[in-house]
Amino acid sequence: MKNTLEKIVRRAAQAAYTAGDLNSGDFGDIVIEEPKVASHGDFATNFALTGASTQKMPPNKIAEAIIRHMDDPEQLIRDTQIAGPGFINFFISPAAWLPVLQAVHEKGALFGAVNIGRGRRVQVEFVSANPTGPLHVGHGRGAVVGDALAAILNFCGFITDREYYINDAGRQIRTLGSSVYLRCMELAGRATDFPEDAYQGEYIYDIARSLMDEKNAALFEMDADSAVDACARYAADKILENIRTDLKNLGIGFDTWFSEQSLYDSGKVAEAIRVLLEKNLAYEAEGATWFKSSLFGDEKDRVIVRGNGLTTYFASDIAYHMDKYDRGYERVIDVWGADHHGYVPRLTAAITAMGREPEQFRVVLAHLVNLVRQGVPVSMSTRAGQFVTLREVVDEVGVDAARFIFLTRHHESPLDFDLELAKQKTNENPVYYVQYVYARISSIMKKAAAEHSIGSHDVDDPMLAMLTEPEEIQLMKQMAKYPEAVAGAAKMMEPHRVAYYLMELAAAFHAYYNKHRVLTQDNELSRSRLCLVKGVRTVIGNGLTLLGVSTPETM
RNA sequence: GCGCCUGUAGCUCAGCUGGAUAGAGCAACGGACUUCUAAUCCGUAGGCCAGAGGUUCGAGUCCUCUCAGGCGCGCCA
């Protein structure tokens, strides 16, 4: 509808220019917007205002010229008005919305799929938590945002892969190994000191116990170094398995689990460093090797090989991202916790240095989550190993509520996750508000089949012209906005837009439901209305699916 | 000290990347169930968009500064 109006206005402007009623043939971008107030019409354009300077004409004159030359062959527009400083307001004929409903039924689960990606390959990397401990709610937020983003991009024509980067190399894995080893010693009755920088959590004991069960004797026969290695491998595998399970319970799966260690094993880290040196993008100084990130917008150069010969995390990250593009992804999206935001400039610099365009890389920062219960912060201390895990949260509030809460905030907005509120089945918890629409309509459809002999297929070709109530027009208008909401979410990488759209559509439906009956004595009217609400159900189901939220037929 | 993010109704948050009179839910108050599910709807009330300047036809939105909160500034990961 918006696009059509834009074309109408552009044609009118062209015609006006040809007729000499406008001074310039340069119309720029013609923006069609939706006024907040109903008295300003269904749509409006500010063309006369933005064009005033190039046309060298007062806005009112421009608006008049546009209206005079407007051609509307499909009779979409009921009325046009000039208002305020020079807005052109369009009032759409009720019947013009009917094709929207037909489109919903024709396209079904694909309604709203605007082809932005055109088959380009994109990779979304998210979570990527170190396998050194259980996931917490902050990881959950990143996980849900990343997953929904991937689903939306995929829906919008990108060939999308989800990837998890496993930091299984480096020091923290070593620390994990020694933590487990020391706990094993302790369990075996060999007193040891447990250093402060080791992982304190209770889960380390669990891992130690199950490791002892499996290879008690063998562990203490090796030298300490190999024992720590064995502990590290065992623990990382165990923890990763749990992470996998937690994510699966949240409805999230990955196409690829990518090992950092594999970059070392295949020589890709060494290769990346060699390439940087070769291209004179890195240099040696003070015994270390530095990448010239300051040439690409970072505030200073960064070390990639330390004085002791070991590579930094940054080095493997450069190799990792090189590899992503080598695997054929045109666009790479990383979802990180906001506490890593300081890392963005240097990685962007590295990617720019590899010759990639800025649009090809994007970091989405998911802000930290404060867990609260009835407004009181739940104390969390990772160091002391006391924290509520993601699993506990999901078990308590449910997958749908958890996902929806993460998705009803802008990802860069801090989030207070209230466990009590999340459990309540009220409007504080809009997921039920939206799901309730799906359930209500499902129920109506069952009743239609059982008591009115109107089956699902009997609504394919009803007398849509009978849909004239304002609430019915409103619903169709609302459905027409869905493709735009999805496209906006994809372009801006803001999945929350889909969630907010769904709440609006749900509100329009509940209002309609309370005012009008779908199933009436008039069979023809019932069929028409059933067609309408079935369309609403399709769009609601479509959106909930994108967000990974279930679509219950009964509640 | 420097950088990034956040600041909108009592609370939790939107505000479509500059448009007209600022939006929703919760909480408060008053109404609507003999009906296709009341996990719903209708109404009332609630605002110096943190503050001050600036840019322009027009600013919650863009620029500068100030204030408050969060996060980050290693040859750690």
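Naming: A, B, ... by sequence-line order, numbering from 1 per chain.
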Give me syn or anti for C26(B), where syn covers glycosidic angles within 90 degrees of 0.
anti

Give the rounded distance in Å between these two atoms: [atom1] of [X] and [atom2] of [N].
X	N	atom1	atom2	value
F509(A)	U40(B)	CZ	P	13 Å
L365(A)	G3(B)	CG	P	18 Å
D418(A)	C26(B)	CG	C1'	12 Å

Please tell me if [X] has a side-chain N or O lying less than 4.0 Å from either OP1 or OP2 of [N].
X	N	result
Y501(A)	A24(B)	no
R440(A)	A38(B)	yes
K36(A)	A22(B)	no
Y513(A)	A38(B)	yes

Quote, to the nearest angstrom, the [atom1] distance that separates [N] from [M].
N	M	atom1	value
A59(B)	C4(B)	P	26 Å
G47(B)	C13(B)	C1'	15 Å
C11(B)	C57(B)	P	38 Å
C71(B)	A27(B)	P	31 Å

At under 4.0 Å between heavy atoms, what does [X] touch on the DNA or RNA strands: base, sugar-phosphate, or nothing?
X	answer
A448(A)	nothing
R517(A)	base
T554(A)	base
H341(A)	base
R302(A)	nothing
E299(A)	sugar-phosphate

Of the nucleotides [options], which has the atom closest to the [X] side chain?
X	options	answer
R306(A)	A14(B), C16(B), A77(B)	A77(B)
W290(A)	A20(B), C42(B), C75(B)	C75(B)
K447(A)	G15(B), C36(B), A20(B)	C36(B)
Y432(A)	A20(B), A39(B), C36(B)	A39(B)
F87(A)	A20(B), U40(B), U6(B)	A20(B)
S413(A)	U21(B), C13(B), A20(B)	C13(B)

When you compare the ring of H40(A) with the six-membered ring of A20(B)'s base, are the centres less than 5.5 Å apart and the planes under 30° from each other?
yes

If you round to the nearest 0.5 Å, how far is CD1 of I473(A) from CD of Q478(A)?
13.5 Å

With no angle test and no hydrogens, is the base of G72(B) tied to the side chain of D339(A) by a donor-acceptor pair under 3.5 Å?
no

Tell me which nucleotide, if any, is Watson-Crick or G-U wobble paired with A28(B) when both distances must be under 3.5 Å.
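Paired with A28(B), as far as the under-3.5 Å criterion goes, is U44(B).
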
G3(B): pairing nucleotide in any strand, Watson-Crick or G-U under 3.5 angstrom
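When the pairing criteria are applied, C71(B) turns out to be the nucleotide that pairs with G3(B).
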
